[in-house]
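Notes follow the structure.
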Amino acid sequence: QVQLVESGGGLVQAGGSLRLSCAASGRTSSNYAMGWFRQAPGKEREFVAAIRWSSGSTYYADSVKGRFTISRDNAKNTVYLQMNSLKSDDTAVYYCAATYLPVVVTTTRGYKDWGQGTQVTVSS
């Protein structure tokens with residue numbers, strides 16, 4: 001089991017940027033990929049982006065393509081989510097998660113370990 005700690009959330013004006021970090025301790029090679037999800041009040045948790053540790057291949061939800069960038073630092077066991085051109089609709093608690101499946105998935109069921117979440121609030 002990997003322990004995940006997110007950081008970098010906060011309050012930002014629409015059009016602004018934030019960078020989230022997710023530090024993964026206790027990670028093993030069986031941890032195939034990492035994902036970022038978000039959950040707004042009254043809504044289900046939704047996929048945002050994912051990245052494979054080995055190849056760095058990335059995957060994005062349509063709603064964030066072109067605005068968000070996921071990256072990883074294998075040496076630091078850390079995954080990042082750079083969020084640009086933020087909109088009020090991006091307001092949510094953002095979670096990072098680890099999957100041990102041999103493919104990248106975009107559903108919460110595919111991820112076993114989760115961080116505690118970090119709040120992102122975009123003011124209009």
Side-chain angles (χ1 to χ4, degrees):
Q1 183 177 4
V2 62
Q3 288 74 46
L4 304 173
V5 178
E6 302 100 333
S7 61
L11 174 64
V12 64
Q13 289 187 335
S17 299
L18 279 176
R19 189 175 85 151
L20 307 183
S21 299
C22 174
S25 60
R27 191 179 80 84
T28 66
S29 59
S30 61
N31 170 208
Y32 178 81
M34 298 291 292
W36 282 98
F37 289 76
R38 65 187 182 186
Q39 187 166 19
K43 295 187 177 181
E44 293 189 352
R45 194 169 298 188
E46 64 174 4
F47 172 77
V48 174
I51 188 167
R52 290 177 54 178
W53 281 112
S54 58
S55 67
S57 298
T58 57
Y59 309 82
Y60 296 95
D62 288 342
S63 59
V64 306
K65 277 181 184 176
R67 300 188 298 122
F68 290 11
T69 302
I70 189 172
S71 61
R72 92 276 191 238
D73 185 330
N74 290 45
K76 295 182 179 180
N77 286 334
T78 300
V79 175
Y80 304 96
L81 185 68
Q82 177 67 43
M83 306 185 294
N84 299 328
S85 302
L86 283 161
K87 307 173 183 178
S88 56
D89 287 349
D90 296 318
T91 295
V93 177
Y94 283 71
Y95 299 89
C96 69
T99 181
Y100 300 84
L101 298 175
V103 294
V104 171
V105 295
T106 60
T107 60
T108 57
R109 291 183 186 179
Y111 291 79
K112 181 183 177 187
D113 301 318
W114 292 81
Q116 82 288 352
T118 185
Q119 176 70 48
V120 171
T121 303
V122 183
S123 63
S124 56

**Fill in**
In short, ring pair (Phe, Tyr, Trp, His ring centres under 6.0 Å) pairs touching residues 84-111 with sequence neighbours left out are Phe37-Tyr111

**Asked** Is the shortest heavy-atom distance from the side chain of Tyr59 to the side chain of Ile51 under 4.5 Å?
**Response** no

**Request:** May I ask you to test the Lys87-Val122 pair for a side-chain heavy-atom distance under 4.5 Å?
**Result:** no

**Prompt:** Are any non-hydrogen side-chain atoms of Arg52 and Val104 less than 4.5 angstrom apart?
**Reply:** yes

**Request:** Just jot down the salt bridge (charged side-chain N to carboxylate O under 4.0 Å, His left out) partners of Asp113, sequence neighbours excluded, or say none.
**Result:** none

**Asked** Heavy-atom distance under 4.5 Å between the side chains of Trp53 and Met34, does that happen here?
**Response** yes

**Crowding at CD, Gln116 (>12 non-hydrogen neighbours, <6.0 Å)** = yes

**Asked** Taking C-beta and beyond as the side chain, do Trp36 and Leu20 meet within less than 4.5 Å on heavy atoms?
**Response** yes

**Asked** Does Ile70 share a hydrophobic cluster with Val2, counting links as ILVMFWY side-chain heavy atoms below 4.5 Å and allowing steps through other members?
**Response** yes

**Request:** Sorted by first residue and then second, give each salt bridge (charged side-chain N to carboxylate O under 4.0 Å, His left out) pair with at least one member in residues 34-50; sequence neighbours left out.
**Result:** Arg38-Glu46, Arg38-Asp90

**Request:** Evaluate the side-chain proximity of Leu18 to Leu86: yes if any heavy-atom separation is below 4.5 Å, no if none is.
**Result:** yes

**Item:** ILVMFWY cluster, Tyr60 and Tyr32 together (side-chain gap under 4.5 Å)
**Value:** no

